[in-house]
**Student:** 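Dropping the structure in here first, questions after.
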Amino acid sequence: MDKIRNLSLRKTIVLYMIVSLIVSFYLSALIMRMAATIQDDIWWKYVDQEKYFEMAEGEGRKYLTDVPRPNSYEMKKFDYHVSEICDFLQTFTVLIVSVVGNIIAVFLFYKHKLKNPIEELELASQQVGRNNLDFHITYENKDEMGRLCREFERMKEQLAENNHQLWKMIEEEKALRTAIAHDIRSPLSVLEGYQEMLSEYLPKKEINMEQALDMVNESKKQIERMDIFVETMRKMSS
């Protein structure tokens with residue numbers, strides 16, 4: 001059973017069609033035989049049986065000939081319609097049964113080989129569209145649809161891994177921005193403090209020139225520190 005279930009789509013449809021043709025052949029033969037028997041039984045009621053047996057056994061013959069078809073006006077209305085139906089069945093049974101058999105074969109092929117994987121892939125696509133990657137495709141046959149489902153599963157896992165990496169990059173970027181803000185805020189705070197001190201005390205001559213130069217030199221160091229930081233960040237981003 002597993003071997004049939006894991007057949008390729010092409011081999012499976014060929015198998016279904018062969019089985020359908022074989023069943024259709026025997027079923028058509030059975031229906032046609034039954035129709036012929038029913039028709040003969042109806043015609044037999046309108047045959048002169050003595051004359052029929054005389055013709056069948058005449059000149060040493062020991063076999064029965066076909067039951068002759070009575071005229072339509074000789075038969076009852078019901079018998080006539082049944083006889084016409086039997087004619088129809090004997091003429092078109094092979095065609096009708098073959099078409100119906102092929103339709104059934106295609107339906108069974110879809111039901112057993114396509115329906116489940118298509119439904120699972122459709123649901124999986126909807127889950128991916130909702131950005132929900134916490135699901136698993138259960139169709140595991142080794143046919144073409146099974147390979148397609150496994151590829152979709154692999155794509156889903158790769159997408160989940162990419163999302164994880166993207167989230168990790170976002171978190172690292174947030175941490176980097178926090179570090180950058182801290183590293184820039186420190187020298188800016190120092191520069192702001194020196195500027196306020198110089199603006200407040202230098203006009204009042206409450207600090208001497210040596211102290212003012214020390215503040216200026218320290219401010220230059222903080223500016224150089226920021227320049228080095230900005231250059232480093234530029235090289236890292238390029």
Side-chain angles (χ1 to χ4, degrees), residues 1-123 125 137-152:
M1 189 65 180
D2 289 340
K3 187 175 181 180
I4 296 177
R5 187 180 63 185
N6 292 321
L7 284 176
S8 66
L9 299 181
R10 181 175 60 184
K11 291 181 179 179
T12 302
I13 191 63
V14 170
L15 177 62
Y16 276 43
M17 287 300 177
I18 290 175
V19 173
S20 172
L21 289 174
I22 294 174
V23 173
S24 298
F25 173 79
Y26 283 104
L27 184 59
S28 298
L30 177 61
I31 294 174
M32 293 170 65
R33 180 60 181 172
M34 290 175 61
T37 302
I38 294 172
Q39 194 174 53
D40 285 345
D41 290 341
I42 293 173
W43 293 353
W44 182 253
K45 294 188 296 183
Y46 301 95
V47 171
D48 186 343
Q49 297 181 13
E50 293 184 1
K51 186 176 180 180
Y52 172 80
F53 285 116
E54 288 179 1
M55 292 177 59
E57 297 175 0
E59 299 180 358
R61 292 193 297 267
K62 296 297 182 180
Y63 57 87
L64 297 178
T65 60
D66 293 336
V67 178
R69 184 187 190 104
N71 295 319
S72 59
Y73 60 84
E74 296 177 352
M75 293 187 289
K76 295 179 181 178
K77 187 174 182 180
F78 176 79
D79 291 341
Y80 172 75
H81 288 305
V82 173
S83 177
E84 290 297 311
I85 292 173
C86 291
D87 279 338
F88 177 83
L89 290 176
Q90 293 181 72
T91 304
F92 296 105
T93 291
V94 174
L95 176 61
I96 295 173
V97 173
S98 298
V99 171
V100 173
N102 288 334
I103 292 174
I104 294 174
V106 171
F107 172 78
L108 292 176
F109 172 77
Y110 171 79
K111 180 181 178 181
H112 294 149
K113 298 294 289 186
L114 299 179
K115 182 180 179 181
N116 289 340
I118 288 176
E119 288 179 349
E120 289 209 31
L121 289 172
E122 183 178 2
L123 292 175
S125 300
I137 298 178
T138 59
Y139 187 83
E140 297 180 351
N141 287 4
K142 297 179 181 179
D143 54 12
E144 293 88 340
M145 298 304 295
R147 290 196 294 270
L148 179 61
C149 289
R150 286 191 292 274
E151 284 298 316
F152 194 97

**Student:** Please check: side-chain N/O of Ser20 versus main-chain N/O of Gly101, any donor-acceptor pairing under 3.5 Å?
**Tutor:**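 It does hold such a pair.
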**Student:** Evaluate side chain to side chain contact (heavy atoms under 4.5 Å, CB included) for Asn116 paired with Thr138, printing each intermediate quantity in order.
**Tutor:** CA-CA 10 Å; Asn116 289 340; Thr138 59; over 6 Å; no
**Student:** When rounded to the nearest 0.5 angstrom, what distance separates OH in Tyr139 from CG in Leu148?
**Tutor:**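 Nearest 0.5 Å value for the OH-CG distance: 10.0 Å.
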**Student:** Measure the CG-CZ distance between Leu15 and Phe109 for me, rounded to the nearest 0.5 Å.
**Tutor:**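 Those atoms lie 11.0 Å apart.
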**Student:** Hey, is CZ on Arg147 packed in by over 12 heavy atoms from elsewhere, all under 6.0 Å?
**Tutor:**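 Buried by this count: over 12 neighbours within 6.0 Å.
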**Student:** Checking the side chain of Tyr46 only, and the main-chain atoms of Lys76 only, is there a donor and an acceptor separated by less than 3.5 Å?
**Tutor:**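 Checking the backbone N and O of Lys76 against the side chain of Tyr46, a donor-acceptor pair under 3.5 Å is found.
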**Student:** Look at the side chain of Asp79 and the backbone N and O of Ile42, then say whether any donor-acceptor pair between them is shorter than 3.5 Å.
**Tutor:**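 No, the answer is negative, given that no donor and acceptor are paired below the 3.5 Å cut-off.
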**Student:** Apply side chain to side chain contact (heavy atoms under 4.5 Å, CB included) to the pair Tyr26 and Ile22, showing each step before the final yes or no.
**Tutor:** CA-CA 6 Å; Tyr26 283 104; Ile22 294 174; 3.9 Å; yes
**Student:** Would Ser72 and Glu84 satisfy side chain to side chain contact (heavy atoms under 4.5 Å, CB included), going step by step from the backbone distance to the final call?
**Tutor:** CA-CA 10 Å; Ser72 59; Glu84 290 297 311; over 6 Å; no
**Student:** Would you give the length of the straight line joining atom CG of Leu108 to atom NZ of Lys115, rounded to the nearest 0.5 angstrom?
**Tutor:**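 Result: 11.5 Å between the selected atoms.
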**Student:** Return the CE to OG1 distance between Met34 and Thr93, rounded to the nearest 0.5 Å.
**Tutor:**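 Taking CE in Met34 and OG1 in Thr93, the distance rounds to 10.5 Å.
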**Student:** Check whether any side-chain heavy atom of His112 lies under 4.5 Å from a side-chain heavy atom of Tyr16, and answer yes or no.
**Tutor:**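 Yes, their side chains come closer than 4.5 Å.
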**Student:** Is any side-chain N of the basic residue among Lys11 and Glu144 closer than 4.0 Å to the acidic one's carboxylate O?
**Tutor:**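 Result for this pair is no, no salt bridge flagged.
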**Student:** Using side-chain heavy atoms (C-beta onward) and a distance below 4.5 Å, is Ser83 in contact with Arg69?
**Tutor:**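 Ser83 reaches Arg69 side chain to side chain.
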**Student:** Heavy atoms only: give me the nearest Asp143-Leu7 pair and the separation to one decimal.
**Tutor:**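 Minimum heavy-atom contact is CB-O, 3.3 Å.
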**Student:** Rounded at 0.5 Å granularity, tell me how far CZ in Arg150 sits from CE in Met145.
**Tutor:**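 Reported to 0.5 Å precision, the distance equals 11.5 Å.
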**Student:** Spell out, as yes or no, whether a donor-acceptor pair under 3.5 Å connects the side chain of Gln39 to the backbone of Cys86.
**Tutor:**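 It does not hold such a pair.
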**Student:** Quick one: does Lys113's side chain have a donor or acceptor within less than 3.5 Å of a partner on Ile13's backbone?
**Tutor:**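 Side chain of Lys113 to backbone of Ile13, a donor-acceptor pair under 3.5 Å: no, none is there.
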**Student:** Can you confirm whether Tyr80 is buried at OH, in the sense that more than 12 heavy atoms of other residues, nucleotides or ligands lie under 6.0 Å from that atom?
**Tutor:**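 At most 12 heavy atoms, drawn from other residues, nucleotides or ligands, come within 6.0 Å of this atom.
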**Student:** Just wondering, are more than 12 heavy atoms of other shown residues or ligands nearer than 6.0 Å to OH in Tyr110?
**Tutor:**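 Buried by this count: over 12 neighbours within 6.0 Å.
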**Student:** Side chain to side chain contact (heavy atoms under 4.5 Å, CB included) for Met32 and Leu89? Distances and angles first, verdict last.
**Tutor:** CA-CA 6 Å; Met32 293 170 65; Leu89 290 176; over 6 Å; no
**Student:** Roughly how far, to the nearest 0.5 Å, is the NZ atom of Lys111 from the CD1 atom of Ile104?
**Tutor:**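 Going from the CD1 atom of Ile104 to the NZ atom of Lys111 covers 12.0 Å.
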